[in-house]
Engineer: 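Input: one structure, supplied below.
Keep in mind it's a predicted model, so treat the numbers as computed, not measured. A note on names: the letters A, B, ... follow the listed sequences, proteins ahead of strands, and every chain is numbered from 1. Just so it is clear, the values below take in all heavy atoms, side chains as well, and ignore hydrogens, waters and symmetry mates.
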Amino acid sequence: AQSVTQPDIHITVSEGASLELRCNYSYGATPYLFWYVQSPGQGLQLLLKYFSGDTLVQGIKGFEAEFKRSQSSFNLRKPSVHWSDAAEYFCAVGAVFTGGGNKLTFGTGTQLKVEL
Amino acid sequence: DVKVTQSSRYLVKRTGEKVFLECVQDMDHENMFWYRQDPGLGLRLIYFSYDVKMKEKGDIPEGYSVSREKKERFSLILESASTNQTSMYLCASSLRRGQETQYFGPGTRLLVL
């Protein structure tokens, strides 16, 4: 069975500083990987996804993530954080199920706080 | 834009009550999902459905059932609510293809007293 580990429960960065959120996955085949963001009281919004091809993927809001098969990692990065980026971030791995589509397994999330 | 709506943002119920959480999507998606979200546990899949009247158990189905009578609507049912079912419930939908993204609703925060 697949699993996702987000080792950092909370991270605090200063506005304008760079950001890296860690994600490690366990999956037997080539994974489908996702990063979602959840603002307070809201549902989840997709930031970016990796299915195949270029291991560096670009997402919305200036985020990017790099898939490293050798390290089983899919870390999320942003070069300069804005105060509006304060939210909870979830990494997920998708496994295709028989009926068609992805069944997602989520990490426990990383809460990002941005200091002004 | 994909729109996934959930019938209530906040719900307060008493122990033993039957609870219905409704989810509707307007993008003709085949797949629909119910998750619960708890602090420190992330999101956990309760049930999903890949077609009308079809359902599959997720990772934590105990105490829940689901119904999908129409393609656009997926209901989560708590037959006899208990306090340990107090949680945030999120619905999602996706197309029936391996690489498709799941789109989430805003969530229903359920409190069982």
Engineer: Just so I understand: if I count every heavy-atom pair under 4.5 Å between each of B:Leu43, B:Asp38, B:Leu41 and chain A, which residue has the most?
Structural biologist: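 Looking at each of B:Leu43, B:Asp38, B:Leu41 in turn, B:Leu43 comes out on top.
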Engineer: Between A:Gln111 and chain B, which part of the residue has a heavy atom less than 4.5 Å away: side chain, backbone, both or neither?
Structural biologist: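 Answer is neither: A:Gln111 stays 4.5 Å or more from chain B.
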Engineer: Any chance you could measure B:Phe104, atom CZ, to A:Leu46, atom CG, to the nearest 0.5 Å?
Structural biologist: 9.5 Å
Engineer: To the nearest 0.5 Å, tell me how far B:Gln102 CD sits from A:Phe34 CZ.
Structural biologist: 7.5 Å
Engineer: Rounded to the nearest 0.5 Å, what separation is found between the CG atom of A:Leu44 and the OH atom of B:Tyr35?
Structural biologist: 9.5 Å
Engineer: Chain A heavy atoms under 4.5 Å from B:Leu45: which part of the residue, side chain, backbone, both or neither?
Structural biologist: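 Contact with chain A is through the side chain of B:Leu45 alone.
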Engineer: Could you tell me whether A:Ile9 atom CD1 has more than 12 heavy atoms of other residues or ligands within 6.0 Å of it?
Structural biologist: no
Engineer: Tell me whether B:Leu110 is reachable from B:Phe74 by hopping between hydrophobic residues (I, L, V, M, F, W, Y) whose side-chain heavy atoms are closer than 4.5 Å.
Structural biologist: yes
Engineer: Against chain A, label B:Arg9 side chain, backbone, both or neither, depending on which of its atoms sit under 4.5 Å from a heavy atom there.
Structural biologist: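 Interface part for B:Arg9: side chain.
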Engineer: Taking a hydrophobic cluster as the set of Ile, Leu, Val, Met, Phe, Trp and Tyr residues connected by side-chain heavy atoms closer than 4.5 Å, whether directly or through intermediates, do A:Val57 and A:Leu19 fall within one such cluster?
Structural biologist: yes
Engineer: What part of B:Gln6 is in contact with chain A, defined as an atom under 4.5 angstrom from a non-hydrogen atom: side chain, backbone, both or neither?
Structural biologist: neither
Engineer: Can you hop from A:Leu47 to A:Tyr50 via hydrophobic side chains spaced under 4.5 Å?
Structural biologist: yes
Engineer: Working to the nearest 0.5 angstrom, can you tell me the gap between B:Glu56 CD and A:Lys103 NZ?
Structural biologist: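 So the gap between those two atoms works out to 8.5 Å.
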Engineer: Tell me whether B:Tyr10 shares a hydrophobic cluster with B:Leu111, the cluster being built from Ile, Leu, Val, Met, Phe, Trp, Tyr side chains joined at under 4.5 Å.
Structural biologist: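 Per the 4.5 Å side-chain linkage, B:Tyr10 and B:Leu111 are not co-clustered.
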Engineer: Report the distance from atom OG1 of B:Thr101 to atom OH of A:Tyr32, rounding to the nearest 0.5 Å.
Structural biologist: 12.0 Å
Engineer: Is B:Met88 linked to B:Leu78 within one hydrophobic cluster, defined over Ile, Leu, Val, Met, Phe, Trp and Tyr using a side-chain heavy-atom separation of less than 4.5 Å?
Structural biologist: no
Engineer: Supply the atom-to-atom distance A:Tyr36 OH to B:Leu90 CG, rounded to the nearest 0.5 angstrom.
Structural biologist: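 Interatomic distance, A:Tyr36 OH to B:Leu90 CG, rounded to 0.5 Å: 11.0 Å.
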Engineer: In terms of heavy-atom proximity below 4.5 Å to chain B, should A:Gln6 be classed as side chain, backbone, both, or neither?
Structural biologist: neither
